[in-house]
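Order of listing sets the numbers, starting from 1, for every ligand and every atom in it. We're numbering straight along the sequence, starting at 1. As a basis for the values below, the full set of heavy atoms in this structure was taken, side chains included, without hydrogen atoms, waters or symmetry mates.
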Amino acid sequence: MTKVLMVASEATPFAKTGGLADVIGSLPRALRAQGDEVAVVLPRYRSISLQGLQRVYNDLPVWLGSTGYPVTVYLARSADVPFYLIDCPSLYDRDGLYSSSGKDYPDNAIRFAVLSMAAISIVRHIFRPQVLHVHDWQASLVPVYLRRLFDLDPTFMGIRTLLTIHNLGYQGRFGREVLPQIGLDEGVWHPNGMEFYGDLNFLKGGIVYSDAVSTVSPRYAQEIQTPEFGFGLDGLLRLRSDVLTGIVNGVDYNEWNPETDELLPAKYSADDLSGKRLCKRELLKEFGLPVDHLDRPVIGIVSRFARQKGFDLIAQVADDIAAEDLSLIVLGTGEPQYEQMFRNLAWKYPQKVAVRVTYNNRLAHLIEAGSDMFLMPSRYEPCGLNQIYSLRYGTIPLVRATGGLDDTIEDGTGFKFWDYSGHAMLQMIRHALAVYKNRQEWLRMMRLAMQKDFSWDASAARYSALYASLTGFSASANTA
Ligand code: ADP
Ligand code: GLC
């Protein structure tokens, strides 16, 4: 049993922009089932109402250099896991989590430095763990502060740190001038510290100063050690390969399960798929596509519109895709160029392509349920959750074989392509469409996909063993 404090910038049901929130919202509970004691530190964003929350600490001391930040700590419980919410309205009471109208907040370095320093203050005053498990660049200053500022402080002695990288593409890069504002001195400004091509790099600091580093699939753990996927940090990651592991994400089947999903117009299971057909009809209606050809395959997409997700491949072969007998239904928000591309496609092929540029959880569930296939042509994908949800919904994933997509999808439960090219993706889509015509074969694939189990148990056990190895207890001693 290990006592763990997680630090992250998003978690369901409190605040979400992507898969990180799903993980932080569900992994702690799974760890409790393994016998670990887990609490989470999260900013109190505007989307989190204070109503009903318990105020547990007034004026938590949070100092970055000589500047003090007024912080109140609130406690919320989700599935019995304590979430310590850092309330500092001048920093977090805003429209977005990291940006608004597509522009990053200019004080993000300070906002997440305060999150990290507040977490350290929580360790001192409220919850002292054996392991601090920090996620992504937003929490990466926790190990930096511990090593650079509190190395000799007995309060923190023996506490081990684990950094999980959910996406190496986001590193938290800022100018050198923020150093004093985040309470650090020039001692970290060197290539073996936080300096990175003339910038200050938060994630690099996390990788350098943590006791161990993990990422969210074994394949991605290998990939990030190569120049192609390393975003300039592959050399450092190779240096740290002895403490670098990949643990594939689990998913929360309480939320993503067609047998119990309250957000669907009809529920269904592998034994009775009639509800899936109803969902398909509703989906087509909802997106304004013709419902007279219910047998025509629907390909769904739910995604952040970012370069990572590979939608430029769709632009390369859009007309060829539209020429096939299929419907394409897209839900997403993000970079304007992809929004525009999908909008143009829907305008050009109104009978076949429909897009909603918005963030909407109900529609995300409806697309998972009502589609026949789910397309993720990612350039890179640390883990990916939607393909795992798709499996459970009997919606066959069409993926590029990279990172977690390659680790979670196999022959028989989905289709893959390797080359990052529109042509390779088109060939895969055509192959899937041909198999779809063979109803028996398709049903066999659906049933196999729906049986796959990616619940958290196995992955939580691996985190649990990792914590135990960090604190010096072996996993077997732990369960003895
Ligand atoms: P990433 O974290 O890189 O965005 P993941 O596949 O790990 O990718 O997780 C994405 C999560 O965000 C899923 O839960 C998905 O359903 C959700 N999501 C993404 N875009 C939208 C959207 N436009 N509306 C609703 N949910 C979305
Ligand atoms: C990141 C990755 C995604 C992963 C998620 C949760 O946002 O892009 O692949 O599933 O984090 O770990």
Side-chain angles (χ1 to χ4, degrees), residues 6 8-13 15-27 97-98 133-139 163-171 203 214-221 223-224 229 231 246-256 261 263 286-287 300-311 329-335 338-339 342 355-369 371 374-393 395 397 399-400 402-409 454 456 459 463:
M6 290 204 188
S9 58
E10 44 185 282
T12 56
K16 168 168 170 175
T17 68
L20 171 66
D22 300 53
V23 172
I24 307 302
S26 54
L27 171 60
L97 270 52
Y98 316 119
H133 185 174
V134 305
H135 298 265
D136 279 351
W137 73 264
Q138 291 90 344
L163 166 69
T164 295
I165 300 170
H166 294 261
N167 194 331
L168 197 61
Y170 300 85
Q171 300 181 356
L203 188 70
S214 76
T215 182
V216 288
S217 69
R219 179 72 197 279
Y220 193 60
E223 287 174 343
I224 56 177
F229 294 93
F231 285 97
I247 301 179
V248 74
N249 287 330
V251 302
D252 183 358
Y253 289 125
N254 292 315
E255 201 198 333
W256 295 94
D261 193 333
L263 297 173
E286 174 100 40
F287 277 78
I301 290 176
V302 178
S303 187
R304 288 185 295 116
F305 290 161
R307 193 179 125 84
Q308 169 194 353
K309 301 296 178 178
F311 297 129
I329 291 185
V330 184
L331 171 69
T333 53
E335 292 172 31
Y338 303 111
E339 297 185 1
F342 282 121
V355 57
R356 286 276 182 85
V357 178
T358 178
Y359 187 94
N360 183 315
N361 191 40
R362 182 185 67 83
L363 288 181
H365 282 248
L366 184 61
I367 291 176
E368 285 292 1
S371 305
F374 195 96
L375 180 59
M376 295 177 77
S378 304
R379 191 182 291 267
Y380 73 94
E381 195 63 70
C383 179
L385 296 172
N386 277 308
Q387 82 280 11
I388 305 180
Y389 302 148
S390 298
L391 289 173
R392 183 48 62 101
Y393 284 75
T395 300
V399 304
R400 173 143 185 272
T402 182
L405 295 174
D406 200 21
D407 280 342
T408 56
I409 302 305
F454 283 93
W456 267 110
S459 298
Y463 277 111

### Message
Between ligand 2 and Gly384, is the shortest N or O to N or O distance under 3.5 Å?
### Response
yes
### Task
Have a look at ligand 2 and work out which part of Asp22, if any, has a heavy atom under 4.0 Å from it: side chain, backbone, both or neither.
neither
### Task
Indicate, as side chain, backbone, both or neither, the part of Thr358 found under 4.0 angstrom from ligand 1 when only non-hydrogen atoms are considered.
backbone
### Query
Does an N or O from Lys309, backbone or side chain, lie closer than 3.5 Å to an N or O of ligand 2?
no
### Query
Does any N/O atom on Cys383 come nearer than 3.5 Å to any N/O atom on ligand 2?
yes
### Summary
Check: of Gly18, Gly403, Gly19, Gly169, min heavy-atom distance to atom 5 (C) of ligand 2 comes from Gly19
### Query
Given that the side chain starts at C-beta and the backbone is N, CA, C, O, which of these parts of Lys16 lies under 4.0 Å from ligand 1, counting heavy atoms, or is it both or neither?
side chain
#### Entry: Residue pair Tyr389 / Asp22, side-chain heavy-atom distance below 4.5 Å
yes
#### Entry: For ligand 1, the portion of Ser303 having any non-hydrogen atom under 4.0 Å away
backbone
### Query
For ligand 1, which atoms sit closer than 4.0 Å to a heavy atom of Asn386?
6 (O), 10 (C), 13 (C), 15 (C), 16 (O)
### Message
Quick test of your reading of the structure: of Glu381, His135, Arg304, whose heavy atom lies closest to atom 3 (C) of ligand 2?
### Response
Glu381
#### Entry: Where ligand 1 meets Lys309 - atom numbers and elements under 4.0 angstrom, heavy-atom basis
1 (P), 3 (O), 4 (O), 8 (O)
